[in-house]
Amino acid sequence: MKLKGNIVDIENRRIFKGEITIKAGKIESIVEQDCDENHYILPGFVDAHIHIESSMLVPSEFAKIAVNHGTVSTVSDPHEIANVLGVKGVEFMIENGKQTPFKFNFGAPSCVPATSFESAGAVIDSDAIKTLMENPDIKYLAEMMNYPGVIYDDAEVLQKIAWAKHYNKPVDGHAPGLRGKDLTKYISAGISTDHECFSYDEGLEKLQKGMKVIIREGSAAKNFEALIGLLDEHYENMMFCSDDKHPDDLLLGHINQLCARAVAKEIDVFKVLQSACVNPVKHYNLDVGLLKVGDDADCIVVEDLKDFKTLETYINGELVFANGVSHVKHVDFQNLNNFNTDKKEVSDFRFESDAKEIRVIECLDGELVTNEIIVDSKIENGNLVSNTETDVLKMTVVNRYKNDKPAIAFIKNYGLKEGAIASSVGHDSHNIIAIGVSDEAICKAVNLLVENEGGICAVSDTEEKVVALPVAGIMSDKNAEVIGKQYSELDKMAKQLGSQLHAPYMSLSFMALLVIPALKLSDKGLFDGGKFEFTSVEA
(Lines give C-alpha, C1' and ligand atoms only; values in the text may rest on other atoms or scores of the structure.)
Protein backbone atom coordinates (compact mmCIF):
# COMPACT_ATOMS: atom_id res chain seq x y z
CA MET A 1 0.00 0.00 0.00
CA LYS A 2 1.19 3.50 -0.82
CA LEU A 3 0.27 6.92 0.57
CA LYS A 4 1.09 10.10 -1.32
CA GLY A 5 0.94 13.71 -0.20
CA ASN A 6 2.72 16.33 1.88
CA ILE A 7 4.73 14.33 4.41
CA VAL A 8 5.20 16.05 7.78
CA ASP A 9 8.61 15.25 9.26
CA ILE A 10 8.22 16.57 12.80
CA GLU A 11 11.69 15.68 14.04
CA ASN A 12 13.51 17.43 11.19
CA ARG A 13 10.95 20.24 11.01
CA ARG A 14 10.21 19.92 7.31
CA ILE A 15 7.31 19.14 5.00
CA PHE A 16 7.92 17.57 1.60
CA LYS A 17 5.97 15.94 -1.22
CA GLY A 18 6.48 12.21 -1.23
CA GLU A 19 5.31 8.62 -1.17
CA ILE A 20 5.12 6.25 1.79
CA THR A 21 5.12 2.50 1.18
CA ILE A 22 3.47 0.36 3.85
CA LYS A 23 4.06 -3.36 3.99
CA ALA A 24 2.98 -5.88 6.68
CA GLY A 25 1.82 -3.03 8.93
CA LYS A 26 5.20 -1.24 8.85
CA ILE A 27 6.56 1.72 6.93
CA GLU A 28 8.87 0.15 4.37
CA SER A 29 10.03 3.33 2.66
CA ILE A 30 9.54 7.10 2.52
CA VAL A 31 10.54 8.60 -0.82
CA GLU A 32 10.65 12.30 -1.59
CA GLN A 33 8.98 12.85 -4.96
CA ASP A 34 6.47 15.13 -6.62
CA CYS A 35 2.79 14.23 -6.52
CA ASP A 36 -0.60 15.86 -7.11
CA GLU A 37 -2.02 15.19 -3.65
CA ASN A 38 -2.24 18.28 -1.44
CA HIS A 39 -3.30 16.68 1.85
CA TYR A 40 -0.86 16.10 4.72
CA ILE A 41 0.42 12.83 6.19
CA LEU A 42 1.62 12.87 9.79
CA PRO A 43 1.88 10.58 12.84
CA GLY A 44 -1.39 9.90 14.65
CA PHE A 45 -2.40 11.88 17.73
CA VAL A 46 -1.91 10.51 21.24
CA ASP A 47 -4.00 11.54 24.25
CA ALA A 48 -1.32 11.63 26.97
CA HIS A 49 -3.69 11.11 29.89
CA ILE A 50 -7.31 9.98 29.81
CA HIS A 51 -9.78 7.97 31.81
CA ILE A 52 -11.65 6.11 29.08
CA GLU A 53 -14.46 5.45 31.57
CA SER A 54 -15.38 9.14 31.64
CA SER A 55 -16.49 8.92 28.03
CA MET A 56 -19.11 6.50 29.40
CA LEU A 57 -17.90 4.13 26.68
CA VAL A 58 -16.04 0.84 26.97
CA PRO A 59 -12.61 1.00 25.24
CA SER A 60 -13.76 -0.64 21.99
CA GLU A 61 -16.55 1.94 21.55
CA PHE A 62 -14.21 4.79 22.52
CA ALA A 63 -11.75 3.65 19.83
CA LYS A 64 -14.49 3.65 17.22
CA ILE A 65 -14.93 7.42 17.69
CA ALA A 66 -11.37 8.50 18.55
CA VAL A 67 -9.97 7.31 15.20
CA ASN A 68 -12.40 9.67 13.44
CA HIS A 69 -10.38 12.55 14.89
CA GLY A 70 -6.94 11.13 14.05
CA THR A 71 -6.21 9.66 17.48
CA VAL A 72 -4.36 6.34 17.24
CA SER A 73 -3.37 5.83 20.86
CA THR A 74 -4.10 6.83 24.44
CA VAL A 75 -2.24 6.75 27.72
CA SER A 76 -5.16 5.47 29.76
CA ASP A 77 -5.55 5.34 33.52
CA PRO A 78 -8.25 2.73 34.39
CA HIS A 79 -8.49 4.30 37.84
CA GLU A 80 -12.27 4.75 37.69
CA ILE A 81 -13.23 1.13 37.07
CA ALA A 82 -10.47 0.01 39.45
CA ASN A 83 -12.12 1.91 42.29
CA VAL A 84 -15.30 -0.04 41.59
CA LEU A 85 -13.93 -3.49 40.70
CA GLY A 86 -10.20 -3.52 41.46
CA VAL A 87 -7.75 -5.48 39.28
CA LYS A 88 -10.69 -7.30 37.68
CA GLY A 89 -11.84 -3.96 36.25
CA VAL A 90 -8.36 -3.15 34.90
CA GLU A 91 -8.26 -6.54 33.18
CA PHE A 92 -11.67 -5.89 31.61
CA MET A 93 -10.41 -2.63 30.08
CA ILE A 94 -7.23 -4.22 28.73
CA GLU A 95 -9.01 -7.20 27.18
CA ASN A 96 -11.81 -5.15 25.65
CA GLY A 97 -9.29 -2.69 24.17
CA LYS A 98 -7.13 -5.48 22.76
CA GLN A 99 -9.96 -6.56 20.49
CA THR A 100 -9.54 -3.41 18.43
CA PRO A 101 -6.58 -2.13 16.35
CA PHE A 102 -6.46 1.00 18.54
CA LYS A 103 -3.39 1.33 20.78
CA PHE A 104 -4.59 1.66 24.35
CA ASN A 105 -1.78 1.93 26.89
CA PHE A 106 -3.13 1.25 30.36
CA GLY A 107 -1.42 2.15 33.61
CA ALA A 108 -1.61 0.56 37.06
CA PRO A 109 -3.95 2.71 39.18
CA SER A 110 -1.87 3.96 42.11
CA CYS A 111 -4.63 5.19 44.41
CA VAL A 112 -7.41 2.63 44.94
CA PRO A 113 -9.09 3.77 47.06
CA ALA A 114 -8.03 7.31 46.26
CA THR A 115 -7.99 8.21 49.96
CA SER A 116 -8.90 6.60 53.27
CA PHE A 117 -11.62 9.21 53.69
CA GLU A 118 -14.15 7.57 51.33
CA SER A 119 -15.66 4.17 50.60
CA ALA A 120 -14.55 2.49 47.37
CA GLY A 121 -15.40 -0.89 45.94
CA ALA A 122 -11.88 -2.29 45.93
CA VAL A 123 -8.31 -1.95 47.17
CA ILE A 124 -5.12 -2.14 45.07
CA ASP A 125 -2.17 -2.31 47.44
CA SER A 126 1.56 -2.32 46.68
CA ASP A 127 1.55 -6.12 46.23
CA ALA A 128 -1.16 -5.79 43.57
CA ILE A 129 0.85 -2.96 41.96
CA LYS A 130 3.85 -5.30 41.75
CA THR A 131 1.70 -7.92 39.98
CA LEU A 132 0.34 -5.30 37.59
CA MET A 133 3.80 -3.90 36.88
CA GLU A 134 4.99 -7.37 35.85
CA ASN A 135 2.32 -7.35 33.11
CA PRO A 136 3.72 -6.04 29.79
CA ASP A 137 0.26 -4.62 29.03
CA ILE A 138 0.73 -2.16 31.91
CA LYS A 139 2.90 0.70 30.66
CA TYR A 140 3.26 2.99 33.69
CA LEU A 141 2.17 3.77 37.26
CA ALA A 142 -0.89 5.96 36.88
CA GLU A 143 -1.34 9.34 38.53
CA MET A 144 -0.08 9.44 42.11
CA MET A 145 -2.92 11.48 43.57
CA ASN A 146 -1.87 10.86 47.15
CA TYR A 147 0.71 13.65 47.08
CA PRO A 148 0.59 14.05 50.88
CA GLY A 149 1.61 10.38 51.08
CA VAL A 150 4.64 11.13 48.91
CA ILE A 151 5.59 14.28 50.80
CA TYR A 152 5.26 12.63 54.22
CA ASP A 153 6.97 9.37 53.21
CA ASP A 154 4.02 6.99 53.49
CA ALA A 155 5.64 3.54 53.19
CA GLU A 156 2.86 2.00 51.09
CA VAL A 157 2.83 4.92 48.64
CA LEU A 158 6.61 4.84 48.26
CA GLN A 159 6.55 1.07 47.72
CA LYS A 160 4.16 1.49 44.79
CA ILE A 161 6.54 4.01 43.23
CA ALA A 162 9.47 1.68 43.94
CA TRP A 163 7.81 -1.15 41.98
CA ALA A 164 7.33 1.16 38.98
CA LYS A 165 11.02 2.08 39.10
CA HIS A 166 11.97 -1.59 39.49
CA TYR A 167 10.18 -2.42 36.24
CA ASN A 168 11.51 0.75 34.58
CA LYS A 169 8.07 2.24 33.98
CA PRO A 170 7.24 5.96 34.28
CA VAL A 171 5.28 7.36 37.23
CA ASP A 172 2.50 9.84 36.48
CA GLY A 173 1.77 12.74 38.79
CA HIS A 174 -1.30 14.54 40.09
CA ALA A 175 -0.39 17.59 42.16
CA PRO A 176 -2.84 20.47 41.73
CA GLY A 177 -1.39 23.69 43.10
CA LEU A 178 1.66 21.97 44.61
CA ARG A 179 4.59 24.41 44.71
CA GLY A 180 7.91 25.09 46.41
CA LYS A 181 9.66 22.54 48.65
CA ASP A 182 6.71 20.14 48.65
CA LEU A 183 6.76 20.06 44.84
CA THR A 184 10.52 19.48 44.84
CA LYS A 185 10.13 16.49 47.17
CA TYR A 186 7.21 15.12 45.11
CA ILE A 187 9.30 15.24 41.92
CA SER A 188 12.36 13.77 43.64
CA ALA A 189 10.33 10.65 44.44
CA GLY A 190 10.50 9.88 40.71
CA ILE A 191 7.22 11.39 39.54
CA SER A 192 7.65 12.70 36.02
CA THR A 193 4.42 14.33 34.77
CA ASP A 194 1.55 16.52 35.89
CA HIS A 195 -1.75 17.24 34.14
CA GLU A 196 -3.29 19.22 37.02
CA CYS A 197 -1.64 22.65 36.55
CA PHE A 198 -4.22 25.41 36.51
CA SER A 199 -1.96 28.46 36.23
CA TYR A 200 0.93 29.57 34.02
CA ASP A 201 3.25 30.09 36.98
CA GLU A 202 2.50 26.65 38.42
CA GLY A 203 3.16 25.01 35.05
CA LEU A 204 6.39 26.97 34.62
CA GLU A 205 7.72 25.97 38.05
CA LYS A 206 6.99 22.30 37.34
CA LEU A 207 8.73 22.50 33.96
CA GLN A 208 11.74 24.26 35.46
CA LYS A 209 12.01 21.53 38.08
CA GLY A 210 12.11 18.81 35.44
CA MET A 211 8.50 17.68 35.13
CA LYS A 212 6.65 17.09 31.90
CA VAL A 213 3.51 19.26 31.89
CA ILE A 214 0.43 17.91 30.13
CA ILE A 215 -2.04 20.54 28.95
CA ARG A 216 -5.50 19.30 29.87
CA GLU A 217 -8.68 20.28 28.08
CA GLY A 218 -11.54 17.99 29.05
CA SER A 219 -15.28 18.31 29.44
CA ALA A 220 -14.99 19.82 32.94
CA ALA A 221 -11.38 20.85 33.56
CA LYS A 222 -10.13 23.27 30.94
CA ASN A 223 -6.55 24.48 31.36
CA PHE A 224 -5.57 25.09 27.73
CA GLU A 225 -5.82 28.88 27.84
CA ALA A 226 -3.89 29.11 31.12
CA LEU A 227 -1.00 26.91 29.95
CA ILE A 228 -0.70 27.20 26.17
CA GLY A 229 1.66 30.19 26.52
CA LEU A 230 4.30 27.78 27.87
CA LEU A 231 4.35 25.63 24.74
CA ASP A 232 6.45 27.83 22.48
CA GLU A 233 9.48 27.62 24.77
CA HIS A 234 8.87 24.28 26.48
CA TYR A 235 7.37 22.16 23.67
CA GLU A 236 9.92 19.38 24.18
CA ASN A 237 8.48 18.72 27.64
CA MET A 238 4.77 19.20 27.06
CA MET A 239 1.86 17.05 25.86
CA PHE A 240 -1.90 17.30 25.36
CA CYS A 241 -4.61 15.36 27.16
CA SER A 242 -8.33 15.18 27.82
CA ASP A 243 -8.28 13.55 31.26
CA ASP A 244 -12.07 13.25 31.16
CA LYS A 245 -14.13 13.55 27.97
CA HIS A 246 -17.88 13.06 27.88
CA PRO A 247 -19.41 11.23 24.88
CA ASP A 248 -21.08 14.26 23.30
CA ASP A 249 -17.76 16.15 23.34
CA LEU A 250 -15.84 13.15 21.99
CA LEU A 251 -18.15 12.96 18.99
CA LEU A 252 -17.11 16.53 18.11
CA GLY A 253 -13.34 16.18 18.40
CA HIS A 254 -10.31 15.15 20.40
CA ILE A 255 -6.59 16.09 20.40
CA ASN A 256 -7.04 17.47 16.87
CA GLN A 257 -9.06 20.33 18.37
CA LEU A 258 -6.19 21.33 20.67
CA CYS A 259 -3.76 21.31 17.76
CA ALA A 260 -6.06 23.60 15.78
CA ARG A 261 -6.42 25.99 18.72
CA ALA A 262 -2.66 26.07 19.30
CA VAL A 263 -1.88 26.78 15.63
CA ALA A 264 -4.56 29.51 15.65
CA LYS A 265 -2.48 31.18 18.36
CA GLU A 266 0.41 31.22 15.85
CA ILE A 267 2.44 28.60 17.70
CA ASP A 268 4.84 26.81 15.36
CA VAL A 269 3.07 23.76 13.93
CA PHE A 270 6.09 21.48 14.48
CA LYS A 271 6.12 22.36 18.18
CA VAL A 272 2.41 21.67 18.40
CA LEU A 273 2.73 18.31 16.65
CA GLN A 274 5.72 17.29 18.75
CA SER A 275 3.52 17.76 21.82
CA ALA A 276 0.52 15.99 20.28
CA CYS A 277 2.24 13.08 18.54
CA VAL A 278 5.88 12.55 19.51
CA ASN A 279 6.37 13.39 23.18
CA PRO A 280 3.86 10.88 24.64
CA VAL A 281 5.36 8.05 22.56
CA LYS A 282 8.87 8.80 23.77
CA HIS A 283 8.02 9.52 27.40
CA TYR A 284 5.90 6.40 27.93
CA ASN A 285 7.90 4.17 25.55
CA LEU A 286 4.78 3.42 23.54
CA ASP A 287 4.64 0.94 20.70
CA VAL A 288 3.34 3.65 18.37
CA GLY A 289 4.90 4.64 15.05
CA LEU A 290 6.23 8.14 14.36
CA LEU A 291 6.29 8.09 10.57
CA LYS A 292 9.80 6.70 10.17
CA VAL A 293 11.05 3.78 8.10
CA GLY A 294 10.65 0.60 10.12
CA ASP A 295 7.95 2.08 12.40
CA ASP A 296 4.44 0.72 12.75
CA ALA A 297 2.30 2.51 10.18
CA ASP A 298 0.31 4.56 12.70
CA CYS A 299 -0.41 7.65 10.68
CA ILE A 300 -3.16 9.99 9.60
CA VAL A 301 -4.06 11.97 6.52
CA VAL A 302 -5.42 15.43 7.27
CA GLU A 303 -6.88 18.08 5.00
CA ASP A 304 -4.57 20.85 6.25
CA LEU A 305 -2.36 21.87 9.17
CA LYS A 306 -4.83 24.47 10.36
CA ASP A 307 -8.03 22.63 11.28
CA PHE A 308 -6.52 19.11 11.20
CA LYS A 309 -9.68 17.62 9.73
CA THR A 310 -8.94 13.90 9.49
CA LEU A 311 -9.47 12.23 6.12
CA GLU A 312 -7.94 8.82 6.91
CA THR A 313 -6.51 7.06 9.95
CA TYR A 314 -4.17 4.05 9.81
CA ILE A 315 -3.08 1.85 12.71
CA ASN A 316 -0.46 -0.83 11.96
CA GLY A 317 -1.17 -0.11 8.30
CA GLU A 318 -4.85 -0.93 8.70
CA LEU A 319 -7.31 1.69 7.46
CA VAL A 320 -9.50 2.32 10.52
CA PHE A 321 -11.20 5.53 9.36
CA ALA A 322 -11.97 6.95 5.91
CA ASN A 323 -14.67 8.96 4.16
CA GLY A 324 -16.34 9.84 7.46
CA VAL A 325 -16.73 6.19 8.47
CA SER A 326 -14.98 4.37 11.33
CA HIS A 327 -13.95 0.80 10.54
CA VAL A 328 -13.38 -0.19 14.17
CA LYS A 329 -15.76 -3.10 14.78
CA HIS A 330 -18.21 -3.64 17.62
CA VAL A 331 -16.93 -5.97 20.36
CA ASP A 332 -19.26 -8.16 22.41
CA PHE A 333 -18.68 -8.18 26.16
CA GLN A 334 -20.38 -9.05 29.43
CA ASN A 335 -21.46 -6.28 31.78
CA LEU A 336 -19.83 -6.34 35.21
CA ASN A 337 -20.86 -4.23 38.18
CA ASN A 338 -20.60 -3.66 41.92
CA PHE A 339 -23.76 -1.97 43.22
CA ASN A 340 -25.09 -3.00 46.60
CA THR A 341 -27.26 -0.36 48.22
CA ASP A 342 -31.02 -0.20 48.82
CA LYS A 343 -33.45 2.60 48.04
CA LYS A 344 -33.45 5.54 50.45
CA GLU A 345 -36.18 7.38 52.35
CA VAL A 346 -36.71 11.16 52.20
CA SER A 347 -35.88 11.31 55.92
CA ASP A 348 -32.37 9.97 55.13
CA PHE A 349 -31.54 13.36 53.62
CA ARG A 350 -32.53 15.51 56.62
CA PHE A 351 -29.78 17.55 58.25
CA GLU A 352 -30.98 18.48 61.71
CA SER A 353 -29.30 21.69 62.87
CA ASP A 354 -29.95 25.19 64.16
CA ALA A 355 -26.69 26.60 62.77
CA LYS A 356 -27.09 30.17 61.52
CA GLU A 357 -24.16 29.84 59.11
CA ILE A 358 -22.90 26.89 57.07
CA ARG A 359 -19.71 25.96 55.24
CA VAL A 360 -20.49 25.61 51.52
CA ILE A 361 -18.71 24.17 48.47
CA GLU A 362 -18.44 26.86 45.80
CA CYS A 363 -18.36 25.10 42.44
CA LEU A 364 -16.32 26.89 39.74
CA ASP A 365 -17.39 26.33 36.13
CA GLY A 366 -14.67 24.61 34.09
CA GLU A 367 -12.52 23.89 37.16
CA LEU A 368 -11.99 20.86 39.37
CA VAL A 369 -10.86 23.05 42.27
CA THR A 370 -13.59 24.52 44.46
CA ASN A 371 -13.74 27.31 47.04
CA GLU A 372 -14.92 27.19 50.63
CA ILE A 373 -17.43 29.90 51.54
CA ILE A 374 -19.51 30.63 54.64
CA VAL A 375 -23.15 31.58 54.03
CA ASP A 376 -26.39 32.04 55.95
CA SER A 377 -28.37 28.83 56.36
CA LYS A 378 -32.01 28.15 55.63
CA ILE A 379 -33.82 26.04 58.24
CA GLU A 380 -37.27 24.45 58.01
CA ASN A 381 -38.59 22.36 60.92
CA GLY A 382 -35.10 21.99 62.34
CA ASN A 383 -33.74 20.73 58.98
CA LEU A 384 -31.11 22.57 56.92
CA VAL A 385 -32.60 22.84 53.43
CA SER A 386 -31.78 24.14 49.95
CA ASN A 387 -32.17 27.84 49.27
CA THR A 388 -32.90 28.44 45.59
CA GLU A 389 -32.96 32.23 46.09
CA THR A 390 -29.28 32.31 47.14
CA ASP A 391 -28.43 29.26 44.98
CA VAL A 392 -27.17 27.24 47.96
CA LEU A 393 -28.44 23.70 47.37
CA LYS A 394 -28.35 20.53 49.40
CA MET A 395 -25.97 17.88 48.14
CA THR A 396 -25.53 14.24 49.09
CA VAL A 397 -23.06 11.43 48.53
CA VAL A 398 -24.54 7.96 49.06
CA ASN A 399 -22.38 4.85 49.51
CA ARG A 400 -23.26 2.51 46.64
CA TYR A 401 -21.28 -0.47 47.95
CA LYS A 402 -23.29 -0.99 51.14
CA ASN A 403 -26.25 0.49 53.04
CA ASP A 404 -25.04 3.48 54.99
CA LYS A 405 -26.27 6.89 56.08
CA PRO A 406 -25.95 9.44 53.26
CA ALA A 407 -23.47 12.28 53.75
CA ILE A 408 -24.95 15.77 53.42
CA ALA A 409 -23.42 19.13 52.51
CA PHE A 410 -24.32 22.27 50.54
CA ILE A 411 -23.09 23.64 47.22
CA LYS A 412 -23.31 26.97 45.40
CA ASN A 413 -23.41 27.83 41.67
CA TYR A 414 -25.46 24.88 40.45
CA GLY A 415 -28.45 27.13 39.81
CA LEU A 416 -31.20 24.49 39.98
CA LYS A 417 -34.64 26.02 40.48
CA GLU A 418 -36.54 22.74 40.35
CA GLY A 419 -35.94 19.02 40.88
CA ALA A 420 -32.57 17.31 41.25
CA ILE A 421 -29.74 15.71 39.30
CA ALA A 422 -27.69 12.68 40.30
CA SER A 423 -24.80 10.54 39.08
CA SER A 424 -23.05 7.30 40.03
CA VAL A 425 -20.03 8.63 38.14
CA GLY A 426 -18.39 10.22 41.16
CA HIS A 427 -14.62 10.51 41.19
CA ASP A 428 -12.93 8.63 42.56
CA SER A 429 -14.96 6.02 44.41
CA HIS A 430 -18.07 6.36 42.23
CA ASN A 431 -20.64 6.59 44.94
CA ILE A 432 -23.94 8.31 44.12
CA ILE A 433 -23.79 12.12 44.10
CA ALA A 434 -26.98 14.20 43.96
CA ILE A 435 -27.90 17.89 44.18
CA GLY A 436 -31.45 19.15 44.45
CA VAL A 437 -33.87 21.83 45.55
CA SER A 438 -35.59 19.58 48.11
CA ASP A 439 -35.02 16.41 50.09
CA GLU A 440 -37.86 14.79 48.15
CA ALA A 441 -36.28 15.57 44.77
CA ILE A 442 -32.85 14.37 45.94
CA CYS A 443 -34.35 11.12 47.23
CA LYS A 444 -36.19 10.54 43.95
CA ALA A 445 -33.01 11.06 41.90
CA VAL A 446 -30.90 8.79 44.14
CA ASN A 447 -33.48 5.99 44.01
CA LEU A 448 -33.70 6.21 40.23
CA LEU A 449 -29.99 5.36 40.08
CA VAL A 450 -30.34 2.60 42.67
CA GLU A 451 -33.06 1.03 40.49
CA ASN A 452 -30.78 1.15 37.44
CA GLU A 453 -27.66 0.04 39.34
CA GLY A 454 -25.85 3.11 38.08
CA GLY A 455 -26.25 5.98 35.69
CA ILE A 456 -26.91 9.70 35.52
CA CYS A 457 -30.34 11.26 35.85
CA ALA A 458 -32.47 14.35 36.25
CA VAL A 459 -35.88 14.60 37.91
CA SER A 460 -38.45 17.40 38.01
CA ASP A 461 -41.93 17.58 39.44
CA THR A 462 -43.31 16.05 36.23
CA GLU A 463 -40.45 14.23 34.50
CA GLU A 464 -37.72 11.67 35.13
CA LYS A 465 -34.86 11.07 32.71
CA VAL A 466 -32.06 8.55 33.22
CA VAL A 467 -29.08 7.30 31.24
CA ALA A 468 -28.31 3.81 32.54
CA LEU A 469 -24.63 2.91 32.97
CA PRO A 470 -24.67 -0.85 33.62
CA VAL A 471 -20.91 -1.41 33.16
CA ALA A 472 -19.51 -0.84 36.67
CA GLY A 473 -22.13 1.87 37.14
CA ILE A 474 -19.92 4.25 35.12
CA MET A 475 -20.05 3.10 31.48
CA SER A 476 -22.74 2.32 28.95
CA ASP A 477 -23.07 -0.88 26.96
CA LYS A 478 -24.23 1.23 23.99
CA ASN A 479 -22.27 3.02 21.26
CA ALA A 480 -21.18 6.67 21.30
CA GLU A 481 -23.97 7.92 19.06
CA VAL A 482 -26.65 6.46 21.35
CA ILE A 483 -25.05 7.45 24.65
CA GLY A 484 -24.00 10.83 23.24
CA LYS A 485 -27.59 11.65 22.26
CA GLN A 486 -28.97 10.45 25.59
CA TYR A 487 -26.36 12.43 27.47
CA SER A 488 -27.06 15.59 25.46
CA GLU A 489 -30.78 15.30 26.25
CA LEU A 490 -30.04 14.86 29.93
CA ASP A 491 -27.61 17.79 29.89
CA LYS A 492 -30.35 19.89 28.30
CA MET A 493 -32.83 18.87 31.02
CA ALA A 494 -30.37 19.82 33.78
CA LYS A 495 -30.05 23.26 32.20
CA GLN A 496 -33.82 23.55 31.87
CA LEU A 497 -34.00 22.88 35.61
CA GLY A 498 -31.79 25.95 36.01
CA SER A 499 -28.15 24.85 35.92
CA GLN A 500 -25.85 27.48 34.41
CA LEU A 501 -22.77 25.23 34.26
CA HIS A 502 -21.21 24.31 30.93
CA ALA A 503 -21.14 20.59 31.85
CA PRO A 504 -23.27 20.07 34.97
CA TYR A 505 -22.82 16.29 35.12
CA MET A 506 -19.08 16.37 34.54
CA SER A 507 -18.72 19.03 37.24
CA LEU A 508 -20.99 16.98 39.53
CA SER A 509 -18.76 13.94 39.10
CA PHE A 510 -15.82 15.85 40.60
CA MET A 511 -17.57 17.19 43.68
CA ALA A 512 -16.50 14.08 45.63
CA LEU A 513 -12.87 14.21 44.40
CA LEU A 514 -11.17 14.75 47.74
CA VAL A 515 -7.63 15.05 46.39
CA ILE A 516 -8.44 18.37 44.73
CA PRO A 517 -9.02 21.30 47.09
CA ALA A 518 -10.60 23.17 48.63
CA LEU A 519 -13.88 21.61 49.78
CA LYS A 520 -15.48 18.34 48.62
CA LEU A 521 -17.97 15.78 49.93
CA SER A 522 -17.32 12.05 50.35
CA ASP A 523 -19.80 9.42 51.52
CA LYS A 524 -18.23 9.88 54.97
CA GLY A 525 -18.61 13.65 55.20
CA LEU A 526 -17.48 17.14 54.18
CA PHE A 527 -13.75 17.22 53.46
CA ASP A 528 -11.18 20.01 53.54
CA GLY A 529 -8.79 19.21 50.66
CA GLY A 530 -6.25 21.78 51.80
CA LYS A 531 -5.86 20.39 55.33
CA PHE A 532 -6.69 16.84 54.15
CA GLU A 533 -9.18 16.26 56.95
CA PHE A 534 -12.92 16.24 57.55
CA THR A 535 -14.63 19.48 58.46
CA SER A 536 -18.07 20.57 59.64
CA VAL A 537 -21.00 21.83 57.57
CA GLU A 538 -21.94 24.02 60.53
CA ALA A 539 -19.66 27.06 60.46
Side-chain angles (χ1 to χ4, degrees), residues 8 40 42-77 97 100-106 195 214-225 227-228 231 238-264 269 272-281 284 286 288 298-315 320-322 324-328 475 479-481 483-484 487-488 502-503 506:
V8 182
Y40 293 80
L42 58 146
F45 300 124
V46 182
D47 191 325
H49 175 79
I50 189 170
H51 305 279
I52 300 295
E53 304 97 312
S54 291
S55 70
M56 300 183 191
L57 302 168
V58 296
S60 53
E61 293 297 333
F62 175 94
K64 196 183 293 185
I65 303 305
V67 296
N68 299 358
H69 308 307
T71 306
V72 299
S73 179
T74 55
V75 179
S76 310
D77 179 2
T100 74
F102 194 87
K103 296 191 172 181
F104 291 101
N105 296 281
F106 287 104
H195 60 275
I214 308 177
I215 297 178
R216 169 178 61 188
E217 190 78 353
S219 293
K222 298 179 183 295
N223 309 122
F224 179 91
E225 292 298 334
L227 301 175
I228 193 62
L231 190 71
M238 298 187 76
M239 302 176 250
F240 292 121
C241 83
S242 304
D243 199 2
D244 297 284
K245 190 95 165 161
H246 264 183
D248 55 336
D249 287 338
L250 183 63
L251 286 167
L252 298 176
H254 197 194
I255 301 301
N256 58 327
Q257 293 175 318
L258 303 189
C259 291
R261 285 174 63 182
V263 168
V269 69
V272 172
L273 293 177
Q274 173 142 348
S275 302
C277 310
V278 177
N279 291 347
V281 173
Y284 293 99
L286 306 183
V288 176
D298 304 323
C299 54
I300 59 176
V301 179
V302 299
E303 198 168 84
D304 56 44
L305 298 181
K306 180 184 171 189
D307 296 319
F308 298 94
K309 180 186 176 186
T310 308
L311 304 176
E312 295 175 345
T313 302
Y314 295 85
I315 300 177
V320 292
F321 171 78
V325 177
S326 173
H327 299 313
V328 177
M475 289 180 285
N479 64 36
E481 287 77 13
I483 190 71
Y487 176 78
S488 293
H502 170 71
M506 185 62 94

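Quick note: residue numbers are just sequence positions, from 1. No hydrogens, no waters, no symmetry mates; every other heavy atom, side chains included, goes into these values.
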Measuring from Asn223:CG to His195:NE2, what's the distance to the nearest 0.5 Å? 9.5 Å
For Cys277 versus Val281, what's the shortest heavy-atom pair and its separation? O-CG2, 3.4 Å
Residues two or more places apart in sequence or in another chain: which of them pass side-chain contact (heavy atoms from CB on, under 4.5 Å) with Leu311? His39, Val301, Glu303
Only pairs at least two apart or in different chains count here, so list each salt bridge (charged side-chain N to carboxylate O under 4.0 Å, His left out) that has a residue in residues 59-72. Glu61-Lys64
For Gly70 versus Ile300, what's the shortest heavy-atom pair and its separation? O-CG2, 3.5 Å
Work out which heavy atom in Cys259 is nearest to a heavy atom in Val272; give both atom names and the distance. CA-CG1, 3.7 Å
Do the non-hydrogen side-chain atoms of Val328 and Phe321 ever get within less than 4.5 Å of each other? no
What's the shortest heavy-atom distance between Pro101 and Ile315, and which atoms? O-CG2, 3.1 Å
Taken to the nearest 0.5 Å, the spacing of Ile483 CD1 from Ser488 OG works out to 10.0 Å
Quick one: does Phe45's side chain get under 4.5 Å of Thr313's, heavy atoms only? no
Would you find a donor on one side and an acceptor on the other, under 3.5 Å apart, between the side chain of Ser219 and the backbone of His246? yes
Solution key, residues 50-59 side-chain donor-acceptor pairs under 3.5 Å, sequence neighbours excluded:
from: His51; atom 1: ND1; to: Asp77; atom 2: O; distance (Å): 3.0
from: His51; atom 1: NE2; to: His49; atom 2: NE2; distance (Å): 3.4
from: His51; atom 1: NE2; to: Glu143; atom 2: OE2; distance (Å): 2.9
from: His51; atom 1: NE2; to: Asp243; atom 2: OD1; distance (Å): 3.2
from: Glu53; atom 1: OE2; to: Glu80; atom 2: N; distance (Å): 3.2
from: Glu53; atom 1: OE2; to: Ile81; atom 2: N; distance (Å): 2.9
from: Ser54; atom 1: OG; to: Asp244; atom 2: OD1; distance (Å): 2.4
from: Ser55; atom 1: OG; to: Ile52; atom 2: O; distance (Å): 2.6
from: Ser55; atom 1: OG; to: Leu57; atom 2: N; distance (Å): 3.2

Please round to the nearest 0.5 Å and tell me the distance separating atom CZ of Phe240 and atom CG of Leu273. 9.0 Å
Gln257 side chain near Leu252 side chain, heavy-atom distance below 4.5 Å: yes
Is there side-chain contact between Asp298 and Lys103, with at least one heavy-atom pair below 4.5 Å? yes
Are Thr71 and Asp47 close enough that a side-chain donor and a side-chain acceptor fall under 3.5 Å? no
Of all heavy-atom pairs between Phe102 and Ser73, which one has the smallest distance, and what is that distance? CZ-N, 3.6 Å
Does Pro280 have any side-chain contact (heavy atoms from CB on, under 4.5 Å) partners at least two apart in sequence or in another chain, and if so, which? Val46, Ala48, Met239
Leu305: partners by side-chain contact (heavy atoms from CB on, under 4.5 Å), with sequence neighbours left out: Val8, Ile15, Tyr40, Leu42, Val269, Val302, Phe308
Rounded distance (nearest 0.5 Å) linking atom NE2 of His327 with atom CG of Asn68: 10.0 Å
Let's go through Leu251 and Glu481 carefully: what are the C-alpha distance in whole Å and the side-chain angles of both, what is the deciding distance for side chain to side chain contact (heavy atoms under 4.5 Å, CB included) to 0.1 Å, and is it a yes or a no? CA-CA 8 Å; Leu251 286 167; Glu481 287 77 13; 4.1 Å; yes
Do you know the tightest heavy-atom contact between Val67 and Thr310? O-CG2, 4.3 Å
In chain order, what residues pass the side-chain contact (heavy atoms from CB on, under 4.5 Å) check against Glu217, with sequence neighbours excluded? Lys222, Phe224, Leu258, Arg261
